[in-house]
Amino acid sequence: MKYFYLKILTLFFIATGFSQNNEKSTVIKFVQLTDLHVSVGNENDFLLQDIVKEINNSDFEFVVVTGDLTNRGADDELKQVHSILSNLKKPYYVISGNHETNWSESAGLTYKKIWGSDRFVFSKGDYIFIGFPCGPYMKMGDGFVKHEDVLWLDKTLKDSLKNSHKKVLNFAHYPLDNSVSNYKEVLSVLEKYPTVASFCGHGHTLKKYDFSGLSGIMGASITSRDGKTKSYNQVIVSNDSIRIYQKELDKPGVFRFSVSSNPSKIEIPKENSNTPFPVFIKDVASLYSVPAFDKKNLYFTNSLGEIQSVALKNKTANWKIETGNALYFSPVVVKNNLIAGTIEGTILGFDTQSGKQKWSTAVGGVAVGSPIVENNKVYTESSAAFVCIDAATGKLLWENKLPKSYSQGTPLIQGDKIIFGVWDSYVYCLDKKTGELIWQWNNGNEKQILYSPGNVNVAASQKRLYLVSPERFLTILDIETGKTLLRTSKWKVRESMGTSDDGKWFYAKTMNGELLRLPLSDDLELTEENLISQSKVLDLKIDYDHNPAPILQKNNKIYIGSRKGEVIIVDAAKFEIIKQLVLGTSSVNGFSIDTNGQVWTSLIEGGIYKLN
């Protein structure tokens, strides 16, 4: 009997020891999918379906998807990806990429309806897994983590790690380096916690990174850049390391590299010691448009769906309205009416003094535009129609449902015409009084909508229309007929353009960070050689830049905004730089003028600035 009890006791200690060792050596196995780029019926559509089947038959426990689910952020693409991922028999967690946030057909609303949230946090083994989106949002720009997401990251990690010895694995679509304009702000949060590594996508190549001391892992896209390799990423987390494998379909995973499972030592690069330009107002959320003004107040909207009024004299808040979802529409003031639009396709009118809503007009689609006002009429567009609305009553005066997507640039009123570009690849010219189509122009490539002039402020002389577009062409059209007069790719112009306040000059920013100036004249001989001879190019000293912010000239000064929070002021007469203002780190949204003729701007990171 004694021997029997001794044997039982020995077996108990062996079992207990095995259990403890097993707990200490828990292995976590998961799959990272990234840069799926699914369009309905394309090769990646069927490839992803096969990958899901293979994952279901594996012993990997869950899946993390780090963005670029689609090609264009279109609703049908999002629904297709969701349908495929819903076949996973494992838990899966999703964040968006720039292809969902930049060109979204619904301004992010469909993504939100399908997945509920663009963040995730969960615990597994010794780790907290946490992910968040990086933008950019509804226009070209660097990655940017919204301030509300940074606050959420900090609070969530603090709460999740309270009385815990767990470590952190971070997930984002962009690498946490200069690809994200406020990466230092994000790293300053991760630095406070035992963060082991940050997983990302975006680059399409499986690669090890060092994000200021934080181990970085960029996952491979499911189709390589050259189209030859179809694969995904397997991750095995053990006590001493995180091992990364590249898994081609129907082949064993191939080990590529590993990183330590110990928390990283993050050392954030020091900020420039220059004195920052003073901010007039710093909001708690992101801003995607410039402020509007009356004599006493400024009005702005933000990524939390708030519309706010602030007194110019003492910066005190007058009122704030919550609408629910992020606002991209540029607000305008018409007498005592503030006009704003929502991504639910509603144009709203508010009393500027009280903030009380006076009217609401449903126009369908999503409203993310920059309206123009003439004679108390608001001309603007949703993705369902271009409309003319009475500013005082909200009455719909006319609509044209021909455009098949949204427009973000400010329309141009030229005599009896109103002209605007749309993300359906077309420029439209309508009768200002009736909304009837006069002409429409397309660059000959209807299928490549990412080349559309959907976020440009077209310019005109009396007889000619000038525009630039993401395909990097300057185009000049006959304003009466829409006939192409000239197209040139001589300069790498993209979306940022404007005119002199006397109407004599056309300006455009090149992707090399230069300011192009051309005569805005009906008498100019339209050949590429003559344009080149008449042109002048100024190096703005900002290098590569794709910020679409419109260019403004006021009081002999030209204002240009960069993707890195810089405003360059150029002497219009001398065509030389006066000064460069460094306002922050994120994209400049554009410029607006108050009732006293002063120039203002805003940055995506939430700052509003008076520039003179």
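Along the sequence shown, residues carry numbers from 1.
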Participant: Examine the side chains of Lys139 and Asn547 and answer whether a donor and an acceptor come within less than 3.5 Å of each other.
Facilitator: no

Participant: Just by distance, with hydrogens left out, do Ser500 and Asp502 show a side-chain donor and acceptor under 3.5 Å apart?
Facilitator: yes

Participant: With no hydrogens and no angle check, just 3.5 Å: does a side-chain donor-acceptor pair link Glu105 and Ser405?
Facilitator: no

Participant: Would you tabulate the side-chain donor-acceptor contacts of residues 567-579 under 3.5 Å, counting partners in other chains and residues two or more places apart, or write 'none'?
Facilitator:
from, atom 1, to, atom 2, distance (Å)
Asp571, OD1, Ala573, N, 3.0
Asp571, OD1, Lys574, N, 2.8

Participant: Any side-chain donor paired with an acceptor under 3.5 Å for Thr475 and Arg487?
Facilitator: yes

Participant: Does the plane of the ring in His202 sit parallel, tilted or perpendicular to the ring in His173? Use 30° and 60° as the thresholds.
Facilitator: perpendicular

Participant: Scan Phe300, Tyr609, Trp600, Phe293 and name whichever one has a ring pair (Phe, Tyr, Trp, His ring centres under 6.0 Å) with Phe280.
Facilitator: Trp600

Participant: Using atom types as modelled and distance alone, determine if a side-chain donor or acceptor of Ser562 lies under 3.5 Å from a backbone N or O of Glu566.
Facilitator: yes

Participant: Determine whether Val456 and Pro548 make a side-chain contact, defined as any pair of heavy atoms from C-beta on separated by less than 4.5 Å.
Facilitator: no

Participant: Determine, for Trp505 and Arg517, whether the Lys NZ or Arg CZ falls below 6.0 Å from the six-membered ring centre while staying within 45 degrees of the axis.
Facilitator: yes

Participant: Using the side-chain hydrogen bond (donor to acceptor under 3.5 Å, both in side chains) rule, pick out the option among Asp118, Thr101, Thr70 that qualifies with Tyr111.
Facilitator: Asp118

Participant: Quick one: do the Ser289 and Ser330 side chains pair a donor with an acceptor below 3.5 Å?
Facilitator: no

Participant: Counting C-beta onward and ignoring hydrogens, is there a side-chain heavy-atom pair between Glu528 and Ile532 closer than 4.5 Å?
Facilitator: yes

Participant: For side chain to side chain donor-acceptor pair (under 3.5 Å), just list the numbers for Asn443 and Glu471, CA-CA rounded to whole Å, side-chain angles, deciding distance to a tenth of an Å, and then say yes or no.
Facilitator: CA-CA 9 Å; Asn443 63 9; Glu471 60 181 334; 3.2 Å; yes

Participant: Quick check: does any side chain N or O of Asn400 sit under 3.5 Å from a backbone N or O of Leu402, one acting as donor and the other as acceptor?
Facilitator: yes

Participant: Hydrogens and angles aside, do Glu344 and Thr346 bring a side-chain donor and acceptor to less than 3.5 Å of each other?
Facilitator: no

Participant: Please verify the inter-ring angle class for Tyr428 with Tyr426; under 30° counts as parallel, over 60° as perpendicular, anything in between as tilted.
Facilitator: tilted

Participant: Do the side chains of Arg72 and Glu77 get close enough for a salt bridge, i.e. N-O under 4.0 angstrom?
Facilitator: yes

Participant: Without hydrogens or angle criteria, can the side chains of Asp501 and Gln553 be said to hold a donor-acceptor pair below 3.5 Å?
Facilitator: yes

Participant: Would you check, one step at a time, whether the test salt bridge (Lys or Arg N to Asp or Glu O under 4.0 Å) holds for Asp142 with Lys564?
Facilitator: CA-CA 8 Å; Asp142 292 344; Lys564 294 292 188 183; 2.9 Å; yes

Participant: If only side-chain N and O atoms count, and only distance matters, is there a donor-acceptor pair under 3.5 Å linking Asp478 with Thr481?
Facilitator: yes

Participant: Quick check with a 6.0 Å cut-off and a 45 degree axis cone: is Lys146 positioned over the face of Tyr137's six-membered ring?
Facilitator: yes

Participant: Considering only heavy atoms from C-beta outward, does the side chain of Arg472 approach that of Tyr451 to under 4.5 Å?
Facilitator: no

Participant: Work out which heavy atom in Cys134 is nearest to a heavy atom in Tyr174; give both atom names and the distance.
Facilitator: CB-CD1, 3.6 Å

Participant: In terms of heavy-atom contacts, does NZ of Lys401 have more than 12 from other residues, nucleotides or ligands at under 6.0 Å?
Facilitator: no

Participant: Holding to salt bridge (charged side-chain N to carboxylate O under 4.0 Å, His left out), I want the full list of residues that pass it with Asp283, two or more places apart in sequence or in another chain.
Facilitator: none

Participant: Is any side-chain heavy atom of Met140 less than 4.5 Å from a side-chain heavy atom of Asn102?
Facilitator: yes

Participant: So, Glu185 and His147: side-chain donor and acceptor under 3.5 Å apart, yes or no?
Facilitator: yes

Participant: I want to check something: taking the side chain as every heavy atom from C-beta on, are Ile551 and Lys509 in contact at a cut-off of under 4.5 Å?
Facilitator: yes

Participant: If you take all heavy atoms of Ile476 and Tyr466, which pair is closest and at what distance?
Facilitator: CD1-CE2, 3.5 Å

Participant: Going by distance alone, is a donor N or O of one side chain under 3.5 Å from an acceptor N or O of the other, for Tyr299 and Asp294?
Facilitator: yes

Participant: Test side chain to side chain donor-acceptor pair (under 3.5 Å) on Trp423 and Gln408; report intermediate values, then the result.
Facilitator: CA-CA 9 Å; Trp423 280 107; Gln408 293 171 285; 2.8 Å; yes

Participant: Would Glu480 and Lys417 satisfy salt bridge (Lys or Arg N to Asp or Glu O under 4.0 Å), going step by step from the backbone distance to the final call?
Facilitator: CA-CA 9 Å; Glu480 288 296 322; Lys417 301 176 181 65; 3.0 Å; yes

Participant: Hey, mind stepping through Ser602 and Asn589 against side chain to side chain donor-acceptor pair (under 3.5 Å) and telling me if it holds?
Facilitator: CA-CA 6 Å; Ser602 69; Asn589 287 315; 2.9 Å; yes

Participant: Considering residues, nucleotides and ligands other than Glu43, do more than 12 of their heavy atoms fall under 6.0 Å from its CD?
Facilitator: no

Participant: Is there a donor in the side chain of Glu100 and an acceptor in the side chain of Ser96, or the other way round, less than 3.5 Å apart?
Facilitator: no

Participant: Do Leu520 and Lys504 come close enough that some side-chain heavy atom pair is under 4.5 Å?
Facilitator: no

Participant: Does the side chain to side chain donor-acceptor pair (under 3.5 Å) test come out yes or no for Glu605 and Asn182, once each step is laid out?
Facilitator: CA-CA 8 Å; Glu605 61 203 63; Asn182 63 333; over 6 Å; no

Participant: Do Leu477 and Leu486 touch side chain to side chain, with heavy atoms closer than 4.5 Å?
Facilitator: no

Participant: Does the side chain of Met497 come within less than 4.5 Å of Tyr507's, by heavy atoms?
Facilitator: no

